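Counting starts at 1 for both ligands and their atoms, in listed order. Bear in mind the structure is a predicted one, so any value in this text is a computation, not a measurement.
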Amino acid sequence: MTRKSIIGSNIKIAKQHLESGNLVAIPTETVYGLAANAFDIKAVAKIFEAKNRPTFDPLIIHTDSIDKIKNWTNDFPTWAEKLGKHFWAGALTLLLPKKTIIPDLVTSGLPHVAVRIPNHELTLQLLKTLDFPLAAPSANPFGYISPTTANHVFEQLGEKVNYILEGGNCKIGVESTIIGEENGKLTIFRKGGIVIEELEKIVGKLIVKEHSNSNPHSDKNQELTKVASSGMLLSHYAPKIKMRLGNIEQMLNEYLSNNEIKINEIGILSFNKKHNQIPTKNQFILSKEGDFSEAAQNLFSYMRELDKLNIKIILAELLPEKELGRAINDRLRRAAY
Ligand code: TXA
Ligand code: MG
């Protein structure tokens, strides 16, 4: 199949595929998702297969209204009401008790389902016409960097997807923030596009899980995976080329002084500064102005660009640990794991 025949902005084609149990990549404001009818178990199984994703890693369901969500959940507590009204459509995912209509395959057997109303015009139009929610993880092979353009999806999943709905570059560029209750306390399980500072204005102090992971299966499975496949789960959002985090200037001096590596074998992913020793084509500056939103938009694209270079190592640095900087740093730490 050619790129041309698979990528397009036709909602009718997307809808037909989804109604026939096929896979469609959808644009959202965070990253592109790999979507299927959440009520169709065979279709959902295709998502896991296409991504090579373990079935103990549950999926977020996407829809266009709180009323629809209430049909699929057993409880919609006050905190969810407040957050939903304030931030949806937006980069926020809520964990809510599921009704039996949501297949166990979607939630990996967990009692809660992750739900989100994405903020993307084309995808909202599509969701409006569907009478089922879309289960959709990020549209990348398991463990790799999330896609922020239709082309990223095509490059990696190609013919495994029946249609890629072209919706331009993702405006936010990092995944949604995931919130749920744990031991009666509202907890952030994954830092993401809606920042903690804004969330706390609406619902008060939140607990933040540092090694953001909302999946209670993952601890035991990380142990299993460590043995079976060298820690797949711990490393996420990761380029194939090794990435190191730290003070870029110091790391550069270290590599260059012991002649371990040639200057053109080093790639740089910096927040806002240029490093004159390194060829420009190997340098990616997230935001020259030091703007967090711009940095988030560029993050995954730049990691992909660096991954295509003929280099041996990527040197990267953390951003200030506040606002969107926290979600970006979380992705950088995983990429460098
Ligand atoms: O921005 C986003 O959230 C994107 C777009 C496509 O919506 N989606 C996304 O999905 O990032 P994914 O599958 O790549 O990451 C979803 C995370 C996973 O870490 C998964 O373990 C967690 O959400 N999750 C999903 N359902 C859950 C549940 N029922 N309980 C706990 N964690 C859950
Ligand atoms: Mg993902």
For ligand 1, which atoms have a heavy atom of [X] less than 4.0 angstrom away?
| X | result |
| --- | --- |
| P137 | 10 (O), 12 (P), 13 (O) |
| S176 | 1 (O), 2 (C), 3 (O) |
| A114 | 25 (C), 26 (N), 27 (C), 29 (N) |
| R53 | 12 (P), 13 (O), 14 (O) |
| I60 | 3 (O), 8 (N), 9 (C), 10 (O), 16 (C) |
| E175 | 1 (O), 2 (C), 11 (O) |
| G33 | 6 (C) |
| D57 | 18 (C), 20 (C), 21 (O) |

What I want to know is whether [X] and ligand 1 share at least one N or O pair that is separated by under 3.5 angstrom.
| X | result |
| --- | --- |
| T107 | no |
| H62 | yes |
| R190 | yes |
| T30 | yes |

So which atom in E29 and which in H120 form the shortest heavy-atom distance, rounded to 0.1 Å?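 Taking every non-hydrogen atom into account, N-CB, 4.2 Å.
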Taking all non-hydrogen atoms of both residues, which atom of M303 and which atom of L269 are closest, and how far apart?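 The pair with the smallest heavy-atom distance is CG-CD2, 4.1 Å.
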R53 charged N/C atom sitting above F142 aromatic ring, 6.0 Å / 45°: no
Is K240 close enough and on-axis enough to Y144, meaning under 6.0 Å and within 45°, for cation-pi? yes
Proximity to ligand 1 by part of I26, non-hydrogen separation under 4.0 Å: neither
Start with the C-alpha gap between N247 and E249, add the side-chain angles, then the distance that decides, and say whether side chain to side chain donor-acceptor pair (under 3.5 Å) holds. CA-CA 6 Å; N247 178 308; E249 209 54 46; over 6 Å; no
Considering S138, G90, A139, which one's heavy-atom position lies nearest to atom 14 (O) of ligand 1?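 Checking each option, the heavy atom nearest atom 14 (O) of ligand 1 is found in S138.
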Is a donor on one side and an acceptor on the other found under 3.5 Å between the side chain of Y32 and the backbone of G167? yes
Indicate yes or no for a side-chain donor-acceptor contact from E265 to the backbone of K262 under 3.5 Å, with no hydrogens or angles considered.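 Yes, the answer is positive, given that a donor and an acceptor are paired below the 3.5 Å cut-off.
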Applying a strict 4.0 Å limit to heavy atoms, is K98 in contact with ligand 1?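 Per 4.0 Å heavy-atom rule, K98 does not contact ligand 1.
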Give a yes or no on whether a salt bridge exists between D40 and K46, defined as a side-chain N under 4.0 angstrom from a carboxylate O.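 So D40 does not pair with K46 through a salt bridge.
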What I want to check is whether the side chains of E294 and S287 have a donor and an acceptor closer together than 3.5 Å.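 Yes, S287 and E294 have a side-chain donor paired with an acceptor closer than 3.5 Å.
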Are any N, O or S atoms from S138 nearer to the Mg ion (ligand 2) than 2.8 Å? yes
What's the separation between atom CD1 in I179 and atom CG in L96, rounded to the nearest 0.5 Å? 11.0 Å
